[in-house]
Amino acid sequence: MYLDSIIAIDGPAGSGKSTVARLLAQKLKFDYIDTGAMYRAFTLKALREGLDLSNGEALIALAEKTELDIRQDAANGIKVMLDNEDVALLIRTPQLTKKVAHIAKVGGVREVMKRNQRRIGIRGRCVFEGRDIGTVVFPEAKYKFYLDADFNERVSRRCKELQEKGQDVLFKDIDRDLKLRDRKDMTREIAPLLKADDAVYIDTTHLNIDEVVGKISGYIK
Ligand code: DC
């Protein structure tokens, strides 16, 4: 049964879930499915089409005719396929990051994303990372984890990550952005970020990546 080999990892930005999910997938030889990248890729398409992001109906209609997929690439990275174009390198800009929340709060868009994600999951052996995987997309997954960390630690991690990518960042700007994203993720009406009742909660504040991967691996049989 494919749900026995679905691992759901949810949590807020900066909780370490992306790195952990990628390394865990590598270790288990599972596919790594970054669902945030799917929301980002769709946001890119809506912006390219010049859509008004407050027009939910138009967004849903566009989502219905958009092909989204995540593929693994030979170098242990992922390809984020938007209508057969790999947009992995185009979806992490601060400008786009600010716009994704408009898309993520539209119920009809989330329904299309869920459908896409469930289609991908049917092949099994996947580590899914996101905000609503354990609660909405795969509530029946065998393994569910919720990663979290203290707010200041999450801000520091985000700063470091962006600095390593060569971006000029200030702690206070990231602090403000993350507060805003947390609020939007946690208070949206549809599929807000929540720990599923049966998810294992892991506070990663004082753990390094290998320790988190080790902890999760301990639960997987
Ligand atoms: O994980 P990320 O920062 O790449 O996510 C980008 C955005 O997409 C973020 O605003 C939260 C949203 N998202 C979501 O609503 N549901 C998911 N399963 C994944 C991401």
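Order of listing sets the numbers, starting from 1, for every ligand and every atom in it.
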Item to complete: Using the side chain to side chain donor-acceptor pair (under 3.5 Å) rule, take Thr43 and Lys99 through it: C-alpha gap first, then chi angles, then the decisive distance, then the call.
Response: CA-CA 7 Å; Thr43 305; Lys99 308 272 185 201; over 6 Å; no
Which donor-acceptor pairs under 3.5 Å do side chains of residues 149-157 form with protein atoms, sequence neighbours excluded?
unit_1 : atom_1 : unit_2 : atom_2 : d
Glu153 : OE2    : Arg157 : NE     : 3.0
Arg154 : NE     : Ala149 : O      : 3.2
Arg154 : NH1    : Ala13  : O      : 2.8
Arg154 : NH1    : Asp182 : OD1    : 3.3
Arg154 : NH1    : Asp182 : OD2    : 3.4
Arg154 : NH2    : Asp182 : OD2    : 2.6
Ser156 : OG     : Asn152 : O      : 3.0
Arg157 : NH1    : Gly14  : O      : 3.2
Arg157 : NH1    : Ser15  : O      : 3.4
Arg157 : NH1    : Thr204 : OG1    : 3.0
Arg157 : NH2    : Thr204 : O      : 2.7
Arg157 : NH2    : Thr204 : OG1    : 3.3

Taking distance alone, no hydrogens or angles, what donor-acceptor pairs closer than 3.5 Å link side-chain atoms of residues 159-167 to residues at least two apart or in another chain?
unit_1 : atom_1 : unit_2 : atom_2 : d
Glu161 : OE1    : Arg158 : NH1    : 3.0
Glu161 : OE2    : Arg158 : NH1    : 3.2

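The heavy atom nearest to atom 18 (N) of ligand 1, out of those in Asp132, Val137, Asp10, is found in Asp132.
Taking distance alone, with nitrogen or oxygen atoms compared against 3.5 Å, Tyr39 stays at or beyond that limit from ligand 1. Here's the thing with Arg181: one of its N/O atoms is less than 3.5 angstrom from an N/O atom of ligand 1.
With respect to the salt-bridge test (charged N to carboxylate O, under 4.0 angstrom), the residues Lys45 and Glu85 do not qualify.
The closest side-chain donor-acceptor pair between Lys142 and Ser5, if any, does not fall under 3.5 angstrom.
Arg110 places no side-chain N or O within donor-acceptor distance of the main-chain N or O of Lys105, the cut-off being under 3.5 Å. In this structure a side-chain-to-backbone donor-acceptor pair under 3.5 Å is present from Gln72 to Tyr32. Looking only at distances, no side-chain donor or acceptor of Asp10 sits under 3.5 Å from a matching main-chain atom of Tyr146. Under the 3.5 Å distance criterion, the side-chain polar atoms of Asp132 are left unmatched by any main-chain donor or acceptor of Val136.
For atom 6 (C) of ligand 1, the closest non-hydrogen atom of the protein is Arg40 NE, 3.7 Å. The nearest heavy-atom contact from the protein to atom 7 (C) of ligand 1 is Val100 CG1, 3.5 Å. Protein heavy atom in closest approach to atom 1 (O) of ligand 1: Arg131 NH1, 2.9 Å. The protein non-hydrogen atom at the shortest distance from atom 5 (O) of ligand 1 is Gly36 CA, 3.6 Å.
Under 4.0 angstrom from ligand 1, the non-hydrogen atoms of Arg110 all belong to its side chain. When non-hydrogen atoms are compared, ligand 1 lies under 4.0 Å from neither the backbone nor the side chain of Lys184.
For Arg188, the heavy-atom gap to ligand 1 drops under 4.0 angstrom.
For ligand 1, the atoms lying closer than 4.0 Å to a non-hydrogen atom of Thr35 are 17 (C), 18 (N), 19 (C). With ligand atoms numbered from 1 in the order given, ligand 1 contributes 10 (O), 11 (C) to contacts under 4.0 Å with heavy atoms of Asp185. Using a 4.0 Å cut-off to heavy atoms of Arg92, the atoms of ligand 1 that qualify are 4 (O). Close approach of ligand 1 to Ala104 (heavy-atom distance below 4.0 Å) involves ligand atoms 15 (O).
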